[in-house]
Amino acid sequence: MARAVMIDCDPGIDDMMALLTICASPELDLRGVTTVGGNVGIALTTRNARSVLALAGRGDVPVAAGAARSLVRSPVSEKEHAHGDDGLGGIVLPEPPGTVDARPAAEFLAATVAAATEPVTLFAVGPLTDVALFYAMYPQVAARLERLVVMGGSIGAGNMTPAAEFNVWFDPEAAHRVLTDPGVRVPTTLVPLDVTRRTGLGDADLAVLAGSGPIGALTAQALGGYRHGLGAVTPVHDAVAVLAVLHPELMTTRPARIHVDTGYGPSRGSTVVDLNPAPAGGPTVDVVVDADHRAVVGALLDRVTSLDRRV
Ligand code: RIB
Ligand code: CA
């Protein structure tokens, strides 16, 4: 029986890799996609999500748009868009068929989870604004989630600032709500930057992707420019979060309490990951602290290249 899943995302080049990985995995039954502003604005993240689904032959999957802005304070940065002005590194995808679901993301998430006959796993790979709104507006439905799997935060250094990882930095109050004070019990896995930045594609991996066919070639082209100044590898942060569900045996997790800095100083958006044993009953998040990086990359390549091998 395939696992029912949904994903909230801000495509975004690595979000594209995550969507393609889900579409390439028969173990996962994708029930819907919601989008949030982050890497680029909400109109572009929504269009990009629909275009990538159509590219993977899943134009049937409903897409609902969510928050255009963060909950409390708009983030300010001089950094250029790491994903390009269009959010997908300049690749050109056809205009997606069909229309966007008219419901706001939080409502669409709640309706889809409530209608599911089995628990749904939700991936959150952008700013956590939509998930925070889902929890605040529909706590009883959110409690029915099988698990929330978040790409975000960092045990050590950040990538948007020295202290903060982008998804949490973009909306720290939403991240606090979801990771620290959810107001509802949802088993949660956090896949932080410390692991994802070491699980990237090297030039040989990109060549395998580029040579697999049209979908792989477009994906390799998009990934080509997304280096985040990391040099040797191209990160696929969000796709690693999908692998945490597909291949948990490749990851090491530890329970932790998460503190999110929602102040207005230089460490705003940073996450303190307390791996010390929590007092009995205290809320904890399962944090991925290590992974078999090459096995994860191999599994990602196997799945995404399989899209071009379909008859
Ligand atoms: O820090 C990595 C995260 O920020 C990823 O989700 C990437 O898509 C960007 O949104
Ligand atoms: Ca993302």
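Starting from 1, each residue takes its place in the sequence as its number.
- Linking ILVMFWY side-chain heavy atoms closer than 4.5 Å, directly or via other members, places V36 and F166 in two distinct hydrophobic clusters.
- Looking at L30 and L53, their side chains come closer than 4.5 Å, going by heavy atoms from C-beta outward.
- Smallest separation of non-hydrogen atoms from V168 and G152: CG2-C, 4.3 Å.
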Criterion side-chain contact (heavy atoms from CB on, under 4.5 Å) on R47 and D86, from CA distance to verdict: CA-CA 10 Å; R47 183 199 185 281; D86 64 354; over 6 Å; no

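- Under a 3.5 Å cut-off, the side chain of R144 and the backbone N or O of V141 do not form any donor-acceptor pair.
- In this structure, the side chains of D238 and I7 stay at 4.5 Å or more apart for every pair of heavy atoms.
- Proximity of V297 to V236: side-chain heavy atoms (C-beta onward) are nowhere separated by under 4.5 Å.
- The heavy-atom pair separating G57 from D60 by the smallest distance is O-OD1, 4.1 Å.
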Working for salt bridge (charged side-chain N to carboxylate O under 4.0 Å, His left out), residues R197 and E165: CA-CA 11 Å; R197 71 186 342 158; E165 177 278 327; over 6 Å; no

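- By the 4.5 Å heavy-atom criterion applied to side chains, T271 and S154 are counted as neighbours.
- Within the structure, ring-ring contact (aromatic ring centres under 6.0 Å, His included) contacts touching residues 84-138 (residues at least two apart or in different chains) do not occur.
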Audit row: R303, S25, side-chain hydrogen bond (donor to acceptor under 3.5 Å, both in side chains) steps and yes/no: CA-CA 7 Å; R303 290 177 187 267; S25 301; 2.9 Å; yes

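- For T252, there are no side chain to side chain donor-acceptor pair (under 3.5 Å) partners, not counting sequence neighbours.
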side-chain contact (heavy atoms from CB on, under 4.5 Å) between D85 and V40, intermediate numbers included: CA-CA 7 Å; D85 291 341; V40 287; over 6 Å; no

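- Here the CG-NE2 distance, from L179 to H259, works out to 12.0 Å after rounding to the nearest 0.5 Å.
- Using a 4.5 Å cut-off between side-chain heavy atoms of Ile, Leu, Val, Met, Phe, Trp and Tyr, with links allowed through other members, I91 and L223 fall into the same hydrophobic cluster.
- With contacts defined as side-chain heavy-atom distances shorter than 4.5 Å, the pair L88/V52 qualifies.
- The pair E95-R50 fails the salt-bridge criterion, with no side-chain N (NZ, NE, NH1 or NH2) lying under 4.0 Å from an Asp/Glu carboxylate O.
- Between atom CG of residue L71 and atom OG1 of residue T129 there is a gap of 5.0 Å, rounded to the nearest 0.5 Å.
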Pair N167-M151, side-chain contact (heavy atoms from CB on, under 4.5 Å): steps then yes or no: CA-CA 8 Å; N167 288 336; M151 187 281 136; 3.7 Å; yes

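- Follow the hydrophobic side-chain contacts under 4.5 Å out from L128 and you never reach V245; the two are in separate clusters.
- Atom CG of D302 has more than 12 heavy atoms from other residues, nucleotides or ligands within 6.0 Å.
- Closest heavy-atom contact between V304 and A24: N-CB, 4.4 Å.
- Scanning all heavy atoms of the two residues, the minimum distance from A82 to I13 falls at O-CD1, 4.4 Å.
- Residues T219 and M16 meet the side-chain proximity criterion, which asks for heavy atoms closer than 4.5 Å.
- Cluster membership check: L275 does not share its hydrophobic cluster with V288, using side-chain heavy-atom separations under 4.5 Å among Ile, Leu, Val, Met, Phe, Trp and Tyr.
- Legend: residues meeting side-chain contact (heavy atoms from CB on, under 4.5 Å) with P172, ordered by chain and number and at least two apart, are V260, T262, R268.
- The hydrophobic clustering, which links ILVMFWY residues whose side-chain heavy atoms are closer than 4.5 Å, places L250 and L28 together.
- Between D292 and R294 there is no salt bridge, since no side-chain nitrogen of the basic residue lies less than 4.0 Å from a carboxylate oxygen of the acidic one.
- When all heavy atoms of L193 and A157 are compared, the pair lying nearest together is CD2-O, 3.7 Å.
- A salt bridge does not link D290 to R254: none of the charged side-chain nitrogens sits closer than 4.0 Å to a carboxylate oxygen.
- Put simply, CZ on R177 and CG on D171 are 11.5 Å apart, with the number rounded to the nearest 0.5 Å.
- For the atom pair M17 CE and I22 CD1, the distance stands at 12.0 Å (nearest 0.5 Å).
- No option in T284, D274, T180 other than D274 meets the side-chain hydrogen bond (donor to acceptor under 3.5 Å, both in side chains) test with R257.
- D8 and T34 are linked by a side-chain donor-acceptor pair at a separation below 3.5 angstrom, with hydrogens and angles left out of the test.
- Here the CG-OG1 distance, from L206 to T234, works out to 4.5 Å after rounding to the nearest 0.5 Å.
- Of all heavy-atom pairs spanning V289 and R198, the tightest one is O-NH2, 4.0 Å.
- S74 and R69 form a side-chain donor-acceptor contact under 3.5 Å, judged by distance and modelled atom types alone.
- Between M6 and the options L145, V113, V61, V33, a side-chain contact (heavy atoms from CB on, under 4.5 Å) holds for only V113.
- For the side-chain hydrogen bond (donor to acceptor under 3.5 Å, both in side chains) criterion with R147, the lone passing option out of T189, T188, T121 is T189.
- The distance from atom CG of L20 to atom CZ of R58, rounded to the nearest 0.5 Å, is 12.0 Å.
- Here the side chains of D10 and P127 are in contact, with some heavy-atom distance below 4.5 Å.
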Intermediate values then yes/no, side-chain contact (heavy atoms from CB on, under 4.5 Å), V149 and V191: CA-CA 7 Å; V149 182; V191 186; 4.2 Å; yes

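- Side-chain contact check for D181 versus H176: some heavy-atom pair is nearer than 4.5 Å.
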